[in-house]
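To start, the structure under review is shown below, and the notes come after it.
Below, each value reflects all heavy atoms present in this structure, side chains not excepted, and no hydrogens, waters or symmetry copies. All values reported here derive from a predicted model rather than from experimental measurement. Numbering of residues begins at 1 and proceeds along the displayed sequence.
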Amino acid sequence: MKNIDSFSHTRGESIYLDDIQVTQGTLYGVCYDAKIAHGIIKNLDLSEALKSKGVVRIFTAEDIPGENQIGGIIPDEPLMVDHHIHFSGMPIAFVVAESTELAHKAIKKIKIEVEELPVVVDPREAQKQGLLIVPPRTFSQGNTDEAWSKCAHIFENNVELNGQEHLYIETQGAYVCPTENGTLKVFSSTQGPTAVQRAISKVLGIPMHCIEVDVTRLGGGFGGKEDQANTWAALCALAAHILKKPVKYSLDRMEDLRMTGKRHPYSSDFKIGLGADFKIMAYEATFYQNAGAAADLSPAVLERTLFHCTNTYFVPNVKATAYSCKTNLPPNTAFRGFGGPQGVFVMECAITQAAEKLGIPAHVIQKANLIKDNEPFVYGQLAESEAEVCWNKAEETFESKKLILKVDDFNAKNTLFKKGISIMPICFGISFTKTLMNQARALVHVYSDGSVGISTGAVEMGQGVNTKIVQVAQSVFGIHPHRIKIFTTNTNRIANTSPSAASATADLNGKATQMACEAIKARLAGYASKQLNVDVSAIEFMDEKVLMNGTISELDWTSVVLGAFLDRIALSENAHYATPIIHFNPKIEKGHPFAYHVYGTAITEVTIDTTRGIYQVDSVKIVHDSGKSINPMIDKGQIEGALVQGMGWMTMEEISYDAKGKLKSNALSTYKVPDIYSAPSEIEVILNENDRNNLAIFRSKAVGEPPLLYGLGTYFAIRNAVKAFRPDVELVFDAPITPEKVLMALHG
Ligand code: LUZ
Ligand code: MOS
């Protein structure tokens, strides 16, 4: 089944925030943000700006009727600066004018005096100074102290890993309209409508039922709108609430780059110990997460780094400690993978280090340590492992042994170009690591003409969740998909939603939809059984028909719906789903936090130009653990997109702040993301279907985040190509591995 949005997307008819028809009298807000990263405001002079043409009002922290606070996990993040500036890009004032252009002109007339304070941008420096967001956490298994003496080989090193800009095509923004009796209608480009509702409720000091948040779709989120859509919605709501006028703020690209947080950069140390058989016997890691100036989602991201610190391997003795370090950068936030990829990367660096020192290929160590059924991850959950299945299938299908010989042969014959190859096995846990967030609701209406309308908490952001929800309903009801509409995500219809995140949206909201549809179907079947004079167990719905003991009856979908309505049977249902089984105890850092895991293996081949340091990715070949995919086209789209996003992070996307915390990569001219020319020449994806029971919707495993990890393979393939040119060079672990770094490694 095709993505239900493909027609309206290609015709330009899909509705994003900026496509919403604005009401007459709408005003436009723009943020005046801090130009320095740390300091105290001594004087803020708005007088000239207020006289500027078209300005209606300028809001500051003093105008906030409720709390000046938008922190989600920890209340440590003011909406607007109250004297103390914590990062460059922090909102100081919100200028509301008759147009965006006039607001920008007014902003230039704001005068400010600031006393600058010392700036910390380095996480290790922050940790030394005791600047932590939360106390450190340690996950452990076995006893590393005792294990070291038994290891045949031990290696240590450190790893630098930069952040990543989300670069959703649609920038952040919100549009807030006052409605009657002190209520507000909020349109927001958010992954978390309830998070927006809660933030506005707190800032304005009004109950959540006064705030209706409505989301049609997003032009991408990638985690950047899980928590950080709140700011713009709260600013617009503040202005709309006080002025009693509709207020809109849609950020331009440079504002968005400058004011929002990104993927967390990490600085890490590892120590790995292997037996003579290359079994990993012990692993220790210390992670220094660069959280930025406020908690945002950093504690949860930190936790997922620890969950994924051994990637897809069984390691009997592990000790991993993580520090969430407070720096003067914009608060870093959720980004596809949510700290998991940072943990995985360090483990893969440790294996690479061991392989290079031992003079063997990394895949020998990787393969020897793939986790097996019933072996525990560091947090105690036992694996139901597809790791070896995916690895072996990749080796066989893609003839990796031949490929390796081909690369060796190429490298023996060429010096101007060198090839590198890597194998990247992955594993990602599916569920929000906060157990309570794993719940969802669906409201299904069957109208008397047989058409169906569905509301859930799922936000469509291009990932295709609405299409999957249509598939769930059509398969339960046995009807054509054209009968089904997915309504906007709206907090008046679906309350207390978890954000669309953690790869879990189709599972959670799909299961709730399935339950609601099943309940309505049971009532329709009851009605049909009376009409047809048979037991209800004889009734089935298929291809728009009502079957009776497997044969077509006189009733069809529309007649049974209309008949049931006339018989006063309820044709609507609200269902609630909460993932069973999962639990986690942070006191001992053990439990069963994930509904299931997703596995896979990617084989990456690259070619580097040894005179210029530039490179191309020749091919990426993937075996992906999809379960029984309900939509292979959407799933392959997610896998290819995530792969290229992961490759971009590993190779070319280079976020750069100066020592004073100012973003240097502040435009698309200084921040390079992959385009079609940097995508692999060939991507081959094989879905490894299996019928193992799992908690995925119709056993179709979650696909949003796991495949980003395949992109990590590109880093190691490029490194191997460099080594082929210059075998004795000592290379650091420092991602992204940009062409400049490759050039220095080749000739520096
Ligand atoms: N968001 C969140 C996430 O709040 N909790 C999670 O565990 C998570 N995992 C992945 C992506 N977003
Ligand atoms: Mo996310 S990183 O699933 O918002």
Side-chain angles (χ1 to χ4, degrees), residues 73-74 123-151 154-159 161 264-273 280-291 295 297-327 332 337-351 369 371 375-383 427-429 431-435 582-594:
I73 297 180
I74 299 171
R124 291 191 193 242
E125 178 57 33
Q127 192 263 351
K128 268 193 216 124
Q129 294 186 22
L131 299 169
L132 296 182
I133 299 278
V134 283
R137 287 177 72 174
T138 298
F139 279 25
S140 62
Q141 164 158 288
N143 186 329
T144 48
D145 291 337
E146 285 172 12
W148 296 121
S149 63
K150 296 173 195 138
C151 294
I154 296 174
F155 307 97
E156 294 179 69
N157 209 336
N158 61 294
V159 177
L161 184 49
H264 294 77
Y266 276 60
S267 181
S268 312
D269 301 316
F270 68 76
K271 181 173 175 185
I272 190 167
I280 304 171
M281 294 171 68
Y283 180 65
E284 285 184 0
T286 310
F287 300 99
Y288 300 88
Q289 176 200 55
N290 193 335
L297 291 163
S298 297
V301 171
L302 189 84
E303 184 177 55
R304 203 176 261 279
T305 301
L306 293 171
F307 280 117
H308 294 304
C309 71
T310 60
N311 189 14
T312 187
Y313 308 110
F314 170 64
V315 184
N317 302 289
V318 182
K319 189 167 139 199
T321 298
Y323 297 92
S324 184
C325 308
K326 188 169 175 169
T327 60
N332 287 315
F338 206 75
Q342 288 93 326
V344 168
F345 184 68
V346 175
M347 175 46 106
E348 291 300 323
C349 288
I351 290 175
N369 290 282
I371 197 162
E375 286 178 336
F377 289 99
V378 61
Y379 42 92
Q381 183 166 341
L382 302 182
C427 175
F428 198 82
S431 284
F432 288 95
T433 57
K434 271 256 169 299
T435 302
I582 53 171
H583 58 87
F584 188 71
N585 181 353
K587 285 206 184 74
I588 52 170
E589 308 285 26
K590 297 279 178 194
H592 189 111
F594 299 120

Margin query: What verdict does the side-chain hydrogen bond (donor to acceptor under 3.5 Å, both in side chains) test give for Thr138 and Thr321, after you've listed the backbone C-alpha separation in whole Å, the side-chain angles of each residue and the deciding distance to 0.1 Å?
Written below: CA-CA 4 Å; Thr138 298; Thr321 298; 2.9 Å; yes
Derivation of the ring-ring contact (aromatic ring centres under 6.0 Å, His included) call for Phe270 and Phe155:
CA-CA 8 Å; Phe270 68 76; Phe155 307 97; 9.0 Å; no
Problem set entry | Full working for side chain to side chain contact (heavy atoms under 4.5 Å, CB included) between His264 and Phe287 | CA-CA 11 Å; His264 294 77; Phe287 300 99; over 6 Å; no
Q | Check against side chain to side chain contact (heavy atoms under 4.5 Å, CB included), His592 and Tyr379 | A | CA-CA 8 Å; His592 189 111; Tyr379 42 92; over 6 Å; no
Could you give me the CA-CA distance, side-chain angles and deciding distance for Val318 and Cys309, then say whether side chain to side chain contact (heavy atoms under 4.5 Å, CB included) is met? CA-CA 9 Å; Val318 182; Cys309 71; 4.3 Å; yes
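The side chain to side chain donor-acceptor pair (under 3.5 Å) analysis of residues 123-132, with sequence neighbours excluded, yields the pairs Arg124-Ser267, Arg124-Asp269, Glu125-Gln129. Legend: salt bridge (Lys or Arg N to Asp or Glu O under 4.0 Å) pairs involving residues 312-322, not counting sequence neighbours: none detected. Counting only residues at least two apart or in different chains, salt bridge (Lys or Arg N to Asp or Glu O under 4.0 Å) contacts with residues 337-347 are absent.
Across every non-hydrogen atom of Ile133 and Cys325, the tightest pair is CG1-C, 4.4 Å. Taking all atoms of both residues into account, the shortest heavy-atom contact from Leu161 to Phe345 is CD2-CD2, 3.7 Å. Minimum interatomic distance between Arg304 and Gly429 (heavy atoms only, all atoms of both residues): NH1-O, 2.9 Å. The two atoms that bring Ser298 and Gln289 nearest to each other are O-NE2, 3.2 Å, heavy atoms only. Taking all atoms of both residues into account, the shortest heavy-atom contact from Asn311 to Phe377 is O-CE2, 3.9 Å. Listed here is the closest heavy atom pair of Ser324 and Leu302: N-CD1, 3.9 Å.
No side-chain heavy atom of Val346 sits under 4.5 Å from any side-chain heavy atom of Tyr266. Counting heavy atoms from C-beta on, the side chains of Pro376 and Leu382 come closer than 4.5 Å. No side-chain heavy atom of Leu306 sits under 4.5 Å from any side-chain heavy atom of Val378. The side-chain heavy atoms of Tyr323 and Leu132, taken from C-beta on, include a pair separated by under 4.5 Å. When side chains are defined from C-beta on, Trp148 counts as touching Ile154, because their heavy atoms get closer than 4.5 Å. Residues Phe338 and Val301 have side chains in contact (heavy-atom distance under 4.5 Å, counting atoms from C-beta outward). Two residues are said to be in side-chain contact when any heavy atoms from C-beta on lie closer than 4.5 Å; Thr310 and Gln141 fail this criterion. Within the 4.5 Å cutoff, the side chain of Val315 has no heavy atoms near those of the Asn369 side chain.
The aromatic rings of His308 and Phe594 sit parallel, their planes meeting at an angle under 30°, below the 60° perpendicular limit.
Residues passing the side chain to side chain contact (heavy atoms under 4.5 Å, CB included) test with Lys150 are Met281, sequence neighbours excluded. For the salt bridge (Lys or Arg N to Asp or Glu O under 4.0 Å) test, no residue two or more places apart in sequence or in another chain qualifies with Glu348. Legend: residues meeting side-chain hydrogen bond (donor to acceptor under 3.5 Å, both in side chains) with Ser268, ordered by chain and number and at least two apart, are absent.
For Asn290 (side chain) and Thr327 (main-chain N/O), no donor-acceptor pair under 3.5 Å exists by modelled atom type.
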